[in-house]
Amino acid sequence: MAPLIRRLLLAAVLMGCAAAALAGGIEVRDFDDPVMKERYRDLTGSMRCPLCENQAIGDSDAPISGDMRDRVYMLLQDGQSDTEIINHMVDRFGEYILYNPRLENRTYLLWGIPVALLLAGALLVVFIVRARRNASSASLSAEERARLDALINRKRSP
């Protein structure tokens, strides 16, 4: 019985340590305005951590993400707009931090390829449907029909 109790106590202590470690990563920011809090959450969710792979700065435990969150918080407190904050962060950390790249001259291809592929696929489907309609509507000539009948009759007769 004693070993079971020790194991349960050890498990409880380990779970407590894990919960404390997880709780240490949560930041508490004070916002008087719930709209400002939502803007902070949206902004930190829309920027990628430069150190972590594909993780938002709002979810990342990396120190640079903490610095970025602090910067976003300070800029929000200064009364800057979302666009100004994003521009500031892009100027400082580069375009990489944006999950949705801006529509600019150098990103037209990035944004245009999916649309072009979608249009090409739609055109391909239209061409295939038209080709099948034309093929099915084309009638056989008398010679082709006679030859087809001969083949069918040969197959039926033993």
Side-chain angles (χ1 to χ4, degrees), residues 11-12 14-145 147-149 151-152 155:
L14 289 175
M15 289 176 64
C17 291
L22 289 174
I26 297 173
E27 292 180 351
V28 178
R29 304 267 184 203
D30 291 330
F31 291 97
D32 296 333
D33 186 10
V35 173
M36 187 84 78
K37 183 177 183 178
E38 188 66 28
R39 284 180 58 204
Y40 174 78
R41 186 178 310 142
D42 290 343
L43 285 168
T44 57
S46 68
M47 293 182 216
R48 182 181 304 154
C49 173
L51 186 64
C52 309
E53 295 214 4
N54 208 16
Q55 193 171 18
I57 63 170
D59 300 332
S60 175
D61 290 333
I64 192 167
S65 290
D67 293 342
M68 292 172 76
R69 287 191 300 266
D70 290 342
R71 177 69 70 173
V72 168
Y73 180 75
M74 288 185 338
L75 294 173
L76 277 172
Q77 295 300 322
D78 289 344
Q80 295 195 11
S81 70
D82 291 355
T83 305
E84 290 172 333
I85 293 170
I86 289 172
N87 288 339
H88 175 82
M89 298 301 279
V90 167
D91 289 343
R92 186 172 177 103
F93 296 102
E95 291 273 340
Y96 172 78
I97 65 164
L98 296 177
Y99 276 115
N100 292 323
R102 298 175 181 164
L103 186 59
E104 298 175 339
N105 288 338
R106 61 188 176 149
T107 58
Y108 280 142
L109 193 61
L110 178 68
W111 286 100
I113 285 178
V115 174
L117 287 175
L118 186 65
L119 290 175
L123 285 175
L124 183 66
V125 167
V126 167
F127 287 136
I128 288 172
V129 168
R130 279 188 178 179
R132 287 192 175 186
R133 273 192 196 153
N134 291 338
S136 65
S137 66
S139 62
L140 297 176
S141 65
E143 180 182 327
E144 290 172 332
R145 178 149 315 270
R147 186 171 166 217
L148 181 62
D149 288 339
L151 287 172
I152 291 173
K155 183 77 174 184

Handout entry: Which atom of Pro101 lies closest to which atom of Leu110, heavy atoms considered
Key = CG-CD2, 3.6 Å
Problem - Atom pair CG (Asn54) and CG (Asp59), whose distance is rounded to the nearest 0.5 Å - result: 10.5 Å
Problem - Interatomic distance, Arg71 atom CZ to Ile57 atom CD1 [nearest 0.5 angstrom] - result: 11.5 Å
Exercise for the section: Would you check if the side chain of Asp78 reaches a backbone N or O of Gln80 as a donor-acceptor pair within less than 3.5 Å? Expected result: no
Problem - Ser81 side-chain N/O to Glu84 backbone N/O, donor-acceptor pair under 3.5 Å - result: yes
Practice task
May I ask you to decide if Ser60's main-chain N or O and Arg69's side chain share a donor-acceptor pair within less than 3.5 Å?
Solution key: yes
Exercise for the section: Please check if the side chain of Tyr73 supplies one atom and the backbone of Asp30 the other of a donor-acceptor pair under 3.5 Å. Expected result: yes
Fill in the blank from the handout: Minimal heavy-atom distance between Ala62 and Leu51, with the atoms involved, is CB-CD2, 3.8 Å
Completion exercise
All heavy atoms of Ile85 vs all of Met47, minimum pair found to be CG2-CE, 4.4 Å
Practice task
Would you name the heavy atoms of Ile97 and Val90 that are closest together and state the gap between them?
Solution key: CD1-N, 4.0 Å
Completion exercise
Taken to the nearest 0.5 Å, the spacing of Asp61 CG from Cys52 SG works out to 7.5 Å
Practice task
Tell me, with the steps shown, if Asn87 and Arg102 meet side chain to side chain contact (heavy atoms under 4.5 Å, CB included).
Solution key: CA-CA 11 Å; Asn87 288 339; Arg102 298 175 181 164; 2.7 Å; yes
Practice task
Calculate, to the nearest 0.5 Å, the distance between atoms CG and OG1 belonging to Leu103 and Thr107 respectively.
Solution key: 5.0 Å
Exercise for the section: Taking all non-hydrogen atoms of both residues into account, name the closest pair between Leu75 and His88 and its distance. Expected result: CD1-CD2, 3.4 Å
Practice task
Please round to the nearest 0.5 Å and tell me the distance separating atom CG of Leu123 and atom CD1 of Ile128.
Solution key: 11.0 Å
Problem - Salt bridge present between Glu38 and Arg41 (N-O < 4.0 angstrom) - result: yes
Exercise for the section: Would you check if Leu43 and Leu76 make a side-chain contact, meaning some heavy-atom pair closer than 4.5 Å? Expected result: yes
Exercise for the section: In sequence, state the C-alpha distance, the side-chain angles, and the governing distance for Cys49 and Ile64, and then conclude on side chain to side chain contact (heavy atoms under 4.5 Å, CB included). Expected result: CA-CA 8 Å; Cys49 173; Ile64 192 167; 4.2 Å; yes
Exercise for the section: Would you check if Met68 and Pro50 make a side-chain contact, meaning some heavy-atom pair closer than 4.5 Å? Expected result: yes
Practice task
Decide if atom CD of Glu143 counts as having more than 12 heavy atoms of other residues, nucleotides or ligands within a radius under 6.0 Å.
Solution key: no
Completion exercise
For Arg29 and Tyr40 the tightest heavy-atom approach is NE-OH, 3.1 Å
